[in-house]
Student: 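Have a look at this one.
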Amino acid sequence: MGRGYVLVVAEKPKAARKIAEALADGSGARLCRSGRIPFWMVYWAGRLHVIAPAAGHLYGLTTDEHGFPVFSYYWVPLWRIDRGASHTRQFLDVLGRLATSAAIFVNACDYDIEGSVIGYMVIKNVGDVGRAYRAKFSALTRQDVRRAFRKLDPLDWDMIEAGLARHELDWLWGINVSRALMDAVKLVTGRRVVLSAGRVQSPTLIEAVSRDKEIKLHVPLPRFAVRVTVEVGGRSYTGTLAAYEERRAAEAAAERLRRNRVLRVEHYREWMERLQPPYPFNLGDLQAEAARLFGYSPMFTQKIAEQLYLEGLISYPRTNSQKIPPTVDVASIARSLARLNEYRELIDYLLKATRGLLRPRNGPKDDPAHPAIHPTGELPRGALDKAERRIYDLIVRRFLASMAPAGVVAKASARLAAPGIGSMELAGLRVEEPGWLRIYYFAAPEEKAIPRLKPGGLVPVKRVSLSISYTSPPEPYSKASLVKWMERVGIGTEATRARIVELLFERGYLEARGRRVEATELGYAVAGVLSKYFPQLTSVALTRHFEERLEAIRARRAGRREVVEEAKAVLREMLERFKAEAMRDAGMELAKALGLVRPARRCVICGREAVADGLCSFHLEAVKRLVNMYGEWRRRAGLGCRKFLESIAGLRAAGQWVREAAEYFMKKGACPPGLAEYEA
DNA sequence: GCAAGGTC
């Protein structure tokens, strides 16, 4: 090794500090500052190490070319091309100055594909990859970091190549298809409109659009339930005894029941059940829980969690892990939190109930770089605002609850039957021993008492009634459940999912009605154009393909150039064809949705462009579904066409377009073509 | 101006 110090590149300031502390021995690490950027000096193995942070990616891809297809791009400092990344300039400046006197470079960024790229780009541009090493640690603990530095590895070229390929592939697909959409609109209208598409945002848009469509086109089917009220021990209980597709069958059953007004106790059981404590939070679980309890959007929750992290109150929040490893000193965190009044009693309880043996209940999900979200034990210095307080409290309680004893609930269930008709269950629940629920009360189950019954006994029926229920449309997405969907299918990352959902709103593809996510005209149009001309972007299959190819690069079964050239070939073919044959059609579709082009004929119901029979494609589809479902409705409810339309028009469960279509025909006093006579 | 990814 030559003269000069070792420059250690960390992914972020927090990580740089932890690495410095881990390497420091006796004398400790010296904190220095250049402007607002901290770095550390420490002697390790008798040699000066300077540990300086990046701030995530400091370089990004750009191009000088306009239009599409565009296949030439190059790396530049991020601050030059991204207004939101102006802070990265100072980080890069400091690394650049420190690099001039360094003899050796170590990439000590997170040990994942992006961390490999972050450190590599810095060393390549301001240092020297010929004098560079990789430190590989799976957690930022003293033990792991020191082990990594005792035996540094050569630069991890396979990871770097895979990471660079990820950037290039996303850039090629995203920039080209986005430009194709925008240029199509420009061609037809002469207007510049910002549109976008990408490997993650587009499948998410398609999912939201198809859910919206299923809801708006839902034709509910009726079911007829026999409801009974029984009286036991002076209290009444009501339940559904049987449900029938046809009204006549339900009426007959109700009639029989009215004649023989008893139910027989078929079964009665009481038992205890353990409620296992929850796992500590990963970001997705935190976002879902904050949405459920406080109505917060995932982006908002993430922003608050990031603030708490920067204030040192919680661990790194952008994690997928539901595990707290043994290296986290949970006992001293708990002791420290006990200094806060609101947690003192709970922690006393926790220590007593576990005899001081604190072990979190870890979940299955993992993260290569970070543990589950947990409080650090540092206490808030000033007052937290309301949202910070709520999120902090949620995280603290979840963390403590994950180490608490299981809860115990007493359950009871009874089955009451009318022979030949059906049976109904009564379910009771009582919290016997709250356990972790004392701490994480947000999950407390609803208590319900039922009478103790003797099997074989008879229970008098007080009341019999017929109720109609209807099949429901699928649940609408909320921002939080859309983020959960992305997590489930494995697209985006902890850091980007909420942001990408917000982006779809910014683009005007989605809109919110309360918590409900709906697709806009533009969202439908973009989804339609992508499905037709760039079908790869409509499903998560592209991500799966990327993963396969990147894995091949890592395993040296393929090279980056080869993989990127494959993608370019596919894109070139598609983009050239789009340009030659489809620009005008696609541009018209988008322009109409944007309201930039007036449709030739308008839908008599909604004013959108009519495609046939004076109806737009949505209402045309709605009419088709009404016609298809009418036969089944008549069989079940015995209604004529007019009553059928009236029922549909008045049902909340019916989709908006279906209701509008039904109303339209009612006003017209006619049935949709293909249906029976209106008066039938 | 456009992606997805990192982080202040």
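Quick note on labels: first sequence line is chain A, next is B, and so on, each numbered from 1.
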Student: Provide, to the nearest angstrom, the distance between the CG atom belonging to A/Leu95 and the P atom belonging to B/dC8.
Tutor: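 Rounding to the nearest Å, CG of A/Leu95 and P of B/dC8 are 13 Å apart.
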
Student: State which residue, out of A/Glu566, A/Glu168, A/Glu565, fulfils the salt bridge (charged side-chain N to carboxylate O under 4.0 Å, His left out) condition with A/Arg549.
Tutor: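 Running salt bridge (charged side-chain N to carboxylate O under 4.0 Å, His left out) over A/Glu566, A/Glu168, A/Glu565 with A/Arg549 returns exactly one hit, A/Glu566.
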
Student: Is it true that the side chains of A/Glu65 and A/Tyr73 contain a donor and an acceptor less than 3.5 Å apart?
Tutor: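 No donor-acceptor contact under 3.5 Å links the two side chains.
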
Student: Which of parallel (below 30°), tilted (30 to 60°) and perpendicular (above 60°) describes A/Phe68 and A/Phe578?
Tutor: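 Geometry flag for A/Phe578 against A/Phe68: tilted rings.
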
Student: So if I define the base as every atom that isn't primed, P, OP1 or OP2, how would nucleotides 1-6 of chain B read as a B/S/- string at a heavy-atom cutoff under 4.0 Å?
Tutor: BBBBBB

Student: NA contact type, A/Pro13, heavy-atom cut-off 4.0 Å: base, sugar-phosphate, or nothing?
Tutor: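 Touches sugar-phosphate only.
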
Student: Counting N and O atoms only, with roles assigned by atom type, does the side chain of A/Ser34 sit under 3.5 Å from a partner on the main chain of A/Val94, one being a donor and the other an acceptor?
Tutor: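 The answer is no, because no donor-acceptor pair under 3.5 Å joins these two groups.
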
Student: Take the protein atom NZ of A/Lys303 and the nucleotide atom P of B/dT7, then report the distance between them rounded to whole Å.
Tutor: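 Computing the A/Lys303:NZ to B/dT7:P distance gives 18 Å.
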
Student: Measure the acute angle between the ring planes of A/Phe294 and A/Tyr296, then classify it against the limits of 30° and 60° as parallel, tilted or perpendicular.
Tutor: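 Rings of A/Phe294 and A/Tyr296: tilted, as their planes differ by 30° to 60°.
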
